[in-house]
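The structure that follows is given in the form of structure tokens.
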Amino acid sequence: MVLSSLSSLAFPGVDVASIASGCRAFSSVSSTRLSSRHSAGAVVHGKRFQVALRPGFVRASAGSPGSKESSPLVVCFGEILIDFVPTVNGLSLADAPAFKKAPGGAPANVAVGIARLGGSSAFIGKVGEDEFGYMLADILKENNVDNSGMRFDPGARTALAFVTLKESGEREFMFYRNPSADMLLQESELDLDIIRAAQIFHYGSISLIAEPCKSAHLAAAKVAKDAAGLLSYDPNLRLPLWPSAESARQGILSIWDTADVIKISEEEISFLTGGEDPYDDAVVRKLFHPNLKLLLVTEGQDGSRYYTKDFSGRVGGIKVKAVDTTGAGDAFVAGFLSQLADDLSLLQSGSDFTIPTCLPSKKNIVVFAILSRGARDEGKLRDALKFANACGALTVTERGAIPALPTREAVQQAIVQFAA
């Protein structure tokens, strides 16, 4: 916060000079990353002020003296399972000589991906009270993901998926979940404290297929939204899991308008629009709802596209030799959300520019406001997507999703090598 510059700004009805000294009491925020729904207090002219946060306003955090601020939390909700990946590409499941056991499940992949990149993440979901379930819980913990929101079902098994890899590394799935434990998570089992602490709440559509998990999903998303968290949605279309194609389409779109950020693939665009051209911007714009802040479209090795209310564009990908594309989209999401959690201004509208200013009210509340001052910096969004593209590219170079998720150092090195 540059307090000296406040006096040079003219805001009708605001005595800038009188609030500048009060703002100095919060000058420590200038050395603190603007982040999530934290609060801070200070004594200004003998009065106790509390930092208050309103929807759409800059969020500031401050810890106690000498404390180390943790990264903003991303909570991932949904399925976690075991992927069995063949050791040889291009063969049917029956002909595959052996399979490599690998932890997976899109929301769990994203949670681990964020943690591996140095962010803070938690996972909420259900597994069987069996060896695979305990193994998955341990893997999350070993990868620095908060697993306290996991539940164990004594009457259902942990979900399994056998993956067929084509020569190109593309895959097909055969699932064992009739029902599996992830489908049986109940609303009463949700850890609401973790959900409310989330700066970003991320989920897919598989948790919408069956009750009671569907109701738990809807309840968790509402709690996150009510707590001013951002909702991130990756439909992650898996047609074999739905009763029919139409039920999948309706289920995916049933929660479409509540999300702040949506990531979809070219295949999903065609599916949701009834077979229309996924490369036609006009077609993609049909999926942009009024409250959506950002729509992302992944294009595999070709990179990704982005759409906001004000602009759109494409960021090229990194060409690599694909071994297994399982988890590539999840790695992309993890890469982007890790950047977004650290910088919410990536989602600013084109007419907003963040100017921190302290406005004392009758209730001794100091607010960090966003004032309209100019256009958004699109370059920051493109940099975040370049990072996300690199995450996805590196993941396809190894077998399995979670084992292949990259570190921040590996991603940065790949970006430099590609640029060279």
Side-chain angles (χ1 to χ4, degrees), residues 76-89 91-116 121-147 149-166 169-185 202-207 209-210 213 234 236-242 323-331 333-334 395-396 398-405:
C76 300
F77 176 95
E79 69 279 4
I80 184 170
L81 48 85
I82 302 293
D83 286 330
F84 286 93
V85 184
T87 56
V88 179
N89 289 11
L91 298 178
S92 67
L93 290 177
D95 293 332
F99 295 87
K100 177 184 177 181
K101 178 182 63 179
N109 293 342
V110 173
V112 173
I114 290 169
R116 196 164 292 173
S121 65
F123 175 78
I124 292 179
K126 198 171 193 179
V127 293
E129 196 173 275
D130 52 40
E131 289 298 317
F132 284 144
Y134 292 124
M135 183 193 82
L136 291 171
D138 288 342
I139 286 174
L140 291 182
K141 185 176 181 180
E142 291 166 2
N143 282 278
N144 299 313
V145 175
D146 181 347
N147 67 359
M150 288 184 71
R151 300 293 179 260
F152 297 83
D153 195 305
R157 297 298 188 187
T158 301
L160 307 178
F162 285 83
V163 186
T164 301
L165 293 178
K166 301 177 182 178
E170 290 296 327
R171 73 271 189 237
E172 297 175 350
F173 295 89
M174 183 171 71
F175 295 92
Y176 284 78
R177 57 194 304 268
N178 295 305
S180 54
D182 62 288
M183 303 166 67
L184 303 178
L185 180 67
H202 176 73
Y203 49 86
S205 68
I206 291 176
S207 47
I209 296 174
C213 189
D234 176 3
N236 193 36
L237 177 63
R238 294 289 181 265
L239 271 179
L241 295 179
W242 292 86
V323 174
D324 177 8
T325 60
T326 305
D330 303 328
V333 172
T395 300
V396 307
E398 297 182 32
R399 295 183 187 276
I402 287 179
L405 293 168

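Keep in mind it's a predicted model, so treat the numbers as computed, not measured. Heavy-atom basis, side chains included; hydrogens, waters and symmetry copies ignored.
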Which of these passes side chain to side chain contact (heavy atoms under 4.5 Å, CB included) with Val145: Ile139, Ile114, Val112? Val112
Between Tyr176 and Phe162, what is the ring plane arrangement, given parallel below 30°, perpendicular above 60°, and tilted in between? perpendicular
Side-chain touch Ile206/Pro107, heavy atoms, less than 4.5 angstrom: no
If I compare all heavy atoms of Gly125 with all of Leu185, which pair ends up nearest, and what's the gap? CA-CD2, 4.3 Å
With side chain to side chain donor-acceptor pair (under 3.5 Å) as the test, pick out the partner of Asp182 among Arg151, Lys126, Arg177. Arg177
Contacts of type side chain to side chain contact (heavy atoms under 4.5 Å, CB included), residue Lys100, not counting sequence neighbours: Arg399
What's the spacing between Leu140 CG and Asn147 CG if we round to 0.5 Å? 6.0 Å
Are Val127 and Phe132 packed together at the side-chain level, in the sense that at least one heavy-atom pair is separated by less than 4.5 angstrom? no
Does any N or O in the side chain of Asp153 come within less than 3.5 Å of the main-chain N or O of Ala156, such that one atom is a donor and the other an acceptor? yes
Roughly how far, to the nearest 0.5 Å, is CG of Asp330 from NE2 of His202? 7.0 Å
Minimal non-hydrogen separation, Pro103 against Leu136, with atom names: CB-CD2, 3.6 Å
On a heavy-atom basis, which atom in Gly78 and which in Phe123 lie closest, and how many Å separate them? O-CZ, 3.2 Å
Could you report the tightest heavy-atom contact between Asn236 and Glu79, atom names first, then the distance? ND2-OE2, 4.0 Å
Where Ile402 and Ala108 come nearest, the two heavy atoms and their spacing: CD1-O, 4.5 Å
Smallest heavy-atom separation, Ser121 atom then Ala111 atom, equals OG-O, 2.7 Å
pair Leu93-Phe99: side-chain heavy atoms closer than 4.5 Å: yes
Test your reading of the model: is there a side-chain donor-acceptor pair from Ser92 to the backbone of Asp95, 3.5 Å cut-off? yes
How long is the span from the NZ atom in Lys101 to the CE atom in Met135, to the nearest 0.5 Å? 5.0 Å
Taking Asp130 for its side chain and Thr158 for its backbone only, find out whether a donor-acceptor pair lies under 3.5 Å. yes
So how far is it from Leu160 CG to Met174 CE, rounded to the nearest 0.5 Å? 10.0 Å
